[in-house]
Amino acid sequence: MGADPDLQLNSLRVISLIEIIFASLLLGMFSGLLAGLFGIGGGMVIVPVLVFLFKAQGIPTDLVMIMAIATSLAAIILTASSSVFAHHRLGSVLWSKVVALTPGIILGATAGAAVADTIHTELLRQIFVVFLLYVGIQMALDIKPKAGAANYSKLTDFWVAGAIGLLSSLVGIGGGTLTVPYLVHCRYPMRNAVAIASACGLPIAVASTLSYMALGLGASNLPTWSFGYVYLPAFIGVGLGSIFTAPIGAKLAHKLPAQQLKRYFSILIFFLAIKLVWY
């Protein structure tokens with residue numbers, strides 16, 4: 001007697017769900033290690049890998065990119081919280097600067113999610129590929145931010161923070177690759193710039209995630225276990241995995257040749273960018 005087709009289909013769905021959680025957990029562990037090792041957010045790795053995973057799972061093509069970005073930002077809430085706590089304990093976070101940047105960040109991050117929801121998925125993918133290439137070149141050439149002449153005004157902080165929030169929300173990152181150069185240009189020491197950028201990553205992730213959740217509530221063809229554009233199984237896997245490995249990466253940063261590893265990491269970034277072009 002043949003097996004019940006509905007039972008077979010449900011089994012396939014269960015297996016697929018388990019696979020996506022396991023793969024996301026591994027992805028989170030890898031991205032957390034990179035975040036601790038290089039002091040960057042994991043979004044640059046999380047987003048393209050989730051794109052491939054979501055596509056393999058059969059999520060509709062027009063939803064794959066925006067769901068990968070939204071899920072990455074949701075996971076960054078957990079990793080950013082852990083990072084901020086660590087930097088705060090070390091006394092590196094200058095909270096007055098975080099407070100000054102937060103209003104612009106929230107406005108920009110909310111706008112970024114709205115833009116991502118309205119533009120074509122192909123354009124969204126192209127924007128992310130260009131950003132990957134930008135970061136890859138920076139890491140390959142070891143380009144460091146240069147100090148500027150003086151601290152910028154509150155108005156400048158607001159508009160720059162808005163731009164950082166918008167682009168970060170649009171490509172699914174915590175914003176460190178954008179915030180740190182600006183802070184160094186404002187003559188903040190690198191130690192404080194990294195800590196402030198980590199703290200700013202939290203409002204970016206929270207505002208973006210809430211926006212993507214709200215904007216996706218009315219979307220059609222969303223997979224089961226989605227909350228708006230956030231895919232909960234992947235969010236849980238990536239978030240939990242990265243929390244455990246980020247501290248390990250931070251410890252390894254003091255023992256391994258970080259500059260040489262950055263160049264190797266840039267190769268991975270270029271590879272992911274090329275794969276995304278033909279995904």
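Please read all numbers here as calculations on a predicted model, not as lab measurements.
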Inset, instruction - Indicate if I21 and I46 have the same hydrophobic cluster label, given that clusters are the connected sets of ILVMFWY residues with side-chain heavy-atom separations under 4.5 angstrom. - result: yes
Inset, instruction - Might you confirm whether atom CZ of F227 has over 12 heavy atoms from other residues, nucleotides or ligands at distances under 6.0 Å? - result: no
Legend entry - ILVMFWY cluster, V47 and V206 together (side-chain gap under 4.5 Å): no
Legend entry - side chain to side chain contact (heavy atoms under 4.5 Å, CB included) evaluation trace for L170 with V115: CA-CA 7 Å; L170 202 56; V115 171; 3.9 Å; yes
Inset, instruction - Using the side chain to side chain contact (heavy atoms under 4.5 Å, CB included) rule, take V64 and R125 through it: C-alpha gap first, then chi angles, then the decisive distance, then the call. - result: CA-CA 10 Å; V64 164; R125 178 172 59 86; over 6 Å; no
Legend entry - From CD1 (I59) to OG (S226), nearest 0.5 Å: 6.5 Å
Inset, instruction - Tell me whether L178 is reachable from V45 by hopping between hydrophobic residues (I, L, V, M, F, W, Y) whose side-chain heavy atoms are closer than 4.5 Å. - result: yes
Inset, instruction - Provide the full list of side-chain hydrogen bond (donor to acceptor under 3.5 Å, both in side chains) pairs with a residue in residues 206-224, sequence neighbours left out, each pair given once. - result: S169-S208
Inset, instruction - Count the heavy atoms belonging to other residues, nucleotides or ligands that lie under 6.0 Å from CH2 of W95, then report whether that count exceeds 12. - result: yes
Legend entry - Member of L167, V160, L166 meeting the side-chain contact (heavy atoms from CB on, under 4.5 Å) criterion with I164: V160
Inset, instruction - With rounding to the nearest 0.5 Å, note down the distance linking CD1 in I69 to CG in D117. - result: 11.0 Å
Legend entry - For G176 against P181, the heavy-atom pair lying closest together: O-CD, 4.0 Å
Inset, instruction - Would you list the pairs meeting salt bridge (charged side-chain N to carboxylate O under 4.0 Å, His left out) in which at least one residue belongs to residues 156-165, sequence neighbours left out? - result: K97-D157
Inset, instruction - Can you measure from CG (L124) to CZ (F128) and round to the nearest 0.5 angstrom? - result: 9.5 Å
Legend entry - Side chains of S72 and I76 in contact at under 4.5 Å (non-hydrogen atoms): yes
Inset, instruction - Hey, could you give me the CZ/CG distance between F244 and L33, rounded to the nearest 0.5 Å? - result: 14.5 Å
Legend entry - pair T177-F131: side-chain heavy atoms closer than 4.5 Å: yes
Legend entry - Beyond-backbone contact of T156 with Y182, side-chain heavy atoms, under 4.5 angstrom: yes
Legend entry - F270 side chain reached by I137 side chain, heavy atoms, under 4.5 Å: yes
Legend entry - I127 side chain reached by V171 side chain, heavy atoms, under 4.5 Å: yes
Inset, instruction - Compare every heavy atom of I204 with every heavy atom of G175, then report the nearest pair and how far apart it is. - result: CA-CD1, 4.2 Å
Inset, instruction - Determine, stepwise, if the pair L63 / Y231 fulfils side chain to side chain contact (heavy atoms under 4.5 Å, CB included). - result: CA-CA 11 Å; L63 293 175; Y231 190 49; over 6 Å; no
Legend entry - Heavy-atom closest pair, residues M44 and I173: N-CG2, 4.1 Å
Legend entry - Nearest heavy-atom neighbours spanning S31 and G28: OG-O, 3.1 Å
Legend entry - Cluster overlap V135 with M65, hydrophobic side-chain contacts below 4.5 Å: yes
Inset, instruction - With rounding to the nearest 0.5 Å, note down the distance linking CD1 in I20 to CG in L232. - result: 12.5 Å
Inset, instruction - Check whether any side-chain N or O of S242 sits under 3.5 Å from a backbone N or O of T79 as a donor-acceptor pair, and report yes or no. - result: no
Legend entry - Between CZ on residue F271 and CG on residue L276, distance to nearest 0.5 Å: 10.0 Å
Inset, instruction - Over all heavy atoms of both residues, which pair between L183 and A193 is shortest? Give the atoms and the distance, please. - result: CD1-O, 3.4 Å
Inset, instruction - For the residue pair I77 and L202, establish whether any side-chain heavy-atom pair is separated by less than 4.5 Å. - result: yes
Legend entry - Distance-minimising heavy-atom pair for V93 and V98: CG1-CG2, 3.9 Å
Legend entry - ILVMFWY cluster, F235 and L50 together (side-chain gap under 4.5 Å): no
Legend entry - Step-by-step side chain to side chain contact (heavy atoms under 4.5 Å, CB included) determination, I105 to T179: CA-CA 10 Å; I105 280 173; T179 311; 5.7 Å; no
